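The structure under discussion appears below in the form of structure tokens.
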Protein chains: 2
Amino acid sequence: MPSPQLLEEYSQFFRLLSEPARLQLLCLLAQGPLDVASLIEATGFSQSHVSRQLGQLQRAGLVSCVREGVRMIYSADNDLVNDLCSLVQNRLRQRLEAQLQQLQSA
Amino acid sequence: MPSPQLLEEYSQFFRLLSEPARLQLLCLLAQGPLDVASLIEATGFSQSHVSRQLGQLQRAGLVSCVREGVRMIYSADNDLVNDLCSLVQNRLRQRLEAQLQQLQSA
DNA sequence: CCCGCTTATGCGTGTAAACTCATAGCAGCC
DNA sequence: GGCTGCTATGAGTTTACACGCATAAGCGGG
């Protein structure tokens with residue numbers, strides 16, 4: 001079993017993904033770089049909120065940004081999030097299939 | 001990009017792992033079935049808290065339980081959590097290595 | 001049937017964090 | 001220099017949830 005400190009780090013990481021807003025931002029950026037204004041429009045959240053979430057993601061090393069004139073262009077750093085989501089998706093699917101079978105056999 | 005509802009489900013799932021207590025319970029159970037009393041002793045949390053966390057994990061389909069006399073034996077359902085933690089671990093390692101290199105090249 | 005043991009659940013509290021408003025910083029343009 | 005558009009951040013509110021205490025529920029033994 002992982003050490004308590006490691007568990008703490010893991011859970012901290014998962015916490016980042018536990019907020020729909022942040023996860024959405026990550027998924028949007030996974031498709032390509034975007035500036036903050038575009039992310040605000042795509043998500044519908046307030047400007048300050050989006051900026052804060054991006055800050056958190058950046059500190060965690062999940063996104064990076066570069067200035068482009070007056071705009072900040074954010075981009076996702078790798079496809080870890082996609083992999084994690086795929087695993088969870090499989091799990092959800094398996095679970096639904098199992099429920100379906102139980103329903104049919106009843 | 002996943003639909004908003006799907007993102008909501010994903011984030012809800014990650015939220016389960018975002019609490020060290022729950023993650024610890026999952027990792028303990030990943031090694032083998034245990035009853036609630038053992039989990040209480042291993043984690044140091046209150047009885048009610050452990051029971052509640054187990055309830056959440058059970059509803060999410062991550063653990064299951066069977067009565068054994070007066071005891072409830074919980075067990076982890078699969079190794080999804082291990083896979084997720086491995087991915088995150090790799091990510092953390094990569095990040096630290098990158099920081100190390102930056103430090104050395106400076 | 002009552003009692004002890006183990007687990008589940010209402011209820012209250014405290015804290016962490018999401019979210020907003022207002023304001024400050026920062027780059028380009030006049 | 002001031003002005004405007006884009007982003008970051010301090011401050012305050014509100015909501016969500018972890019956590020414990022007390023209590024109930026379920027099972028085995030007398």
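Each chain gets a letter, A, B and so on, in the order the sequences are listed, and its residues count up from 1. Predicted model, so just to flag it, every value in this text is computed and none were measured.
With D:dC6, D:dA18, C:dA8 as the candidates, the nucleotide lying closest to the side chain of B:Q47 is C:dA8. Taking only side-chain atoms of B:F45, from C-beta outward, the nucleotide of D:dC6, D:dG20, D:dT9 with the closest atom is D:dG20.
At the phosphate of C:dT20, OP1 or OP2 sits under 4.0 Å from a side-chain N or O atom of A:S46. For the pair B:Y74 and C:dA8, the criterion of a side-chain N or O lying under 4.0 Å from OP1 or OP2 is met. The shortest distance between the side-chain N/O atoms of B:R22 and the OP1/OP2 oxygens of D:dA18 is below 4.0 Å. An OP1 or OP2 oxygen of D:dA18 is reached within less than 4.0 angstrom by a side-chain nitrogen or oxygen of B:Q56.
The distance from atom CE of A:M72 to atom P of C:dA27 is 10 Å, rounded to the nearest whole Å. Atom CG in A:L16 sits roughly 12 Å away from atom C1' in C:dA17 (whole-Å rounding). Here the P atom of nucleotide D:dG5 and the CZ atom of A:R67 are 16 Å apart, to the nearest Å. If you take CZ of B:R15 and P of C:dA16, they are 15 Å apart, rounded to a whole angstrom. Taking atom CG of A:L54 as the reference point, atom P of D:dA8 lies 7 Å away to the nearest angstrom. As a whole-Å value, the separation of B:R52 CZ from C:dT13 P is 15 Å. We find that CD of A:Q53 is positioned 13 Å from P of D:dT9, with the value rounded to whole Å. Going from atom CD1 of A:I73 over to atom C1' of C:dA27 covers 14 Å, rounded to whole Å.
Remark: the B:S48 side chain and the D:dC19 base include no donor-acceptor N/O pair separated by less than 3.5 Å.
B:S51 places no side-chain N or O within 3.5 Å of a backbone atom of B:S48 that could act as its donor or acceptor partner.
Looking at every heavy atom in both residues, A:L23 comes nearest to B:S11 through CD2-N, 3.8 Å. Between A:G61 and A:D77 the shortest heavy-atom distance is O-OD2, 3.4 Å.
In this structure, A:E68 and B:S38 both approach DNA chain C, and ranking their closest nucleotides by distance from the 5' end singles out B:S38. Place A:V70 and A:H49 on DNA chain D by their nearest nucleotides, and A:V70 ends up nearer the 5' end.
Heavy-atom contacts from other residues, nucleotides or ligands closer than 6.0 Å to CD of A:E41 number 12 or fewer.
A:S38 and A:D35 form a side-chain donor-acceptor contact under 3.5 Å, judged by distance and modelled atom types alone.
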